[in-house]
2 protein chains.
Amino acid sequence: MKELEQICEDIRKRRKSLGIIQTDLAEISGVSLRSLKEIETGKGNPTLSNLLKILNTLGLKITLTSRIKND
Amino acid sequence: MKELEQICEDIRKRRKSLGIIQTDLAEISGVSLRSLKEIETGKGNPTLSNLLKILNTLGLKITLTSRIKND
DNA sequence: AGTCAAAGGGCAATATAGTGCACTATTAGG
DNA sequence: CCTAATAGTGCACTATATTGCCCTTTGACT
């Protein structure tokens with residue numbers, strides 16, 4: 001799976017596990033509903049700030065890890 | 001430290017540890033030098049695709065983790 | 001089938017990220 | 001100090017992300 005798709009999927013799964021709808025997640029995060037939809041469906045190319053707003057609401061954060069083991 | 005700043009710093013540190021200059025990292029990644037500079041200096045608000053291109057070149061990837069322990 | 005809630009998507013307008021160019025600033029070596 | 005390499009930045013232009021509006025689709029429930 002592509003990295004972008006994985007992120008989108010994670011967001012959707014997390015939202016559902018929290019039992020909230022797109023409208024609420026968007027509003028709480030301070031992002032437009034339209035943009036959240038685009039992110040969750042894997043279309044478009046979100047800005048980092050929009051992504052971080054949503055992840056923050058979902059209690060998630062970005063960590064950078066190496067692609068290679070022991071590196 | 002802000003999350004965005006942390007990402008910028010990680011990118012710069014990684015680039016230096018690989019011993020390459022901005023010009024080369026930008027070219028290999030397929031991102032403009034101008035954009036890479038903005039990312040490394042923490043200015044601007046990169047798109048996810050540009051960020052991923054650079055991380056990919058650096059051998060890094062994004063993983064989403066919970067902000068809360070045991071969650 | 002009918003209804004309602006939630007999600008998907010087209011479109012146009014606006015905001016802003018991406019880029020190239022030219023220049024300045026900083027850093028490292030001599 | 002001088003020079004060369006590397007990094008930072010102002011500006012203008014282009015490309016595209018963001019947004020709101022409105023309509024369609026899907027899914028769940030009765």
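Protein chains get the first letters and strands the later ones, always in sequence-line order, with residue 1 at the start of each. Atoms considered below: every heavy atom in the structure, side chains included; atoms not considered: hydrogens, waters and symmetry mates.
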- Message: Please report the distance, rounded to the nearest Å, between CG in B/Leu36 and C1' in C/dG20.
- Response: 15 Å
- Pick the nucleotide of DNA chain D nearest each of B/Arg12 and A/Leu48; which residue has the one closer to the 5' end? B/Arg12
- Query: Atom NZ of B/Lys43 and atom C1' of D/dG8: how far apart are they, to the nearest Å?
  - Reply: 7 Å
- Task: Could you tell me the separation between the CD1 atom of A/Ile20 and the CZ atom of A/Arg14, rounded to the nearest 0.5 Å?
- Result: 10.0 Å
Which atoms of nucleotides 13-15 of chain D (N or O only) lie under 3.5 Å from a protein N or O atom, and what are those distances?
none

- Query: A/Arg34 CZ to C/dG10 P: how many Å, rounded?
  - Reply: 8 Å
- Starting at the 5' end of DNA chain C and moving along, which residue's nearest nucleotide shows up first, A/Glu38 or A/Thr41? A/Thr41
- Contact nearer the 5' end of DNA chain D, comparing B/Lys37 with B/Ser49: B/Lys37
- Are A/Gln22 and C/dA5 close enough that a side-chain N or O sits under 4.0 Å from OP1 or OP2? no
- Here the gap from A/Ile62 atom CD1 to B/Thr63 atom OG1, rounded to the nearest 0.5 Å, amounts to 9.0 Å
- Euclidean distance, A/Asn50 CG relative to B/Asn45 CG, rounded to 0.5 Å: 7.5 Å
- Report yes or no: does A/Ser35 contribute a side-chain atom to a donor-acceptor pair with the main-chain N or O of A/Val31 at less than 3.5 Å? no
- Message: Expressed as a whole number of angstroms, how long is the span from B/Leu51:CG to D/dT16:P?
- Response: 18 Å
- Whole-Å distance between D/dT6 C1' and B/Glu40 CD? 11 Å
- Item | Gap between atoms CD1 and C1', on A/Ile20 and C/dA6 respectively (whole Å) | 13 Å
- Query: Out of curiosity, A/Lys61 NZ to B/Thr65 OG1, how far, rounded to the nearest 0.5 Å?
  - Reply: 5.0 Å
- Whole-Å distance, A/Ile54 CD1 to D/dT18 P, equals 9 Å
- Within less than 4.0 Å of OP1 or OP2 of D/dT18, is there a side-chain N or O belonging to A/Asn50? yes
- Message: Just the rounded figure in Å: distance from P of D/dT6 to CD1 of B/Ile21.
- Response: 4 Å
- Item | Below 4.0 Å: OP1/OP2 of D/dT18 and any side-chain N or O of A/Thr47 | yes
- Message: Closer than 4.0 angstrom, basic N to acidic O: yes or no for A/Arg67 and A/Glu3?
- Response: yes
- Message: From the set C/dA7, D/dT18, C/dA17, return the single nucleotide nearest to any side-chain atom of A/Ser32.
- Response: D/dT18
- Can any side-chain N or O of A/Ser29 pair as donor or acceptor with the backbone N or O of A/Leu25 at less than 3.5 Å? yes
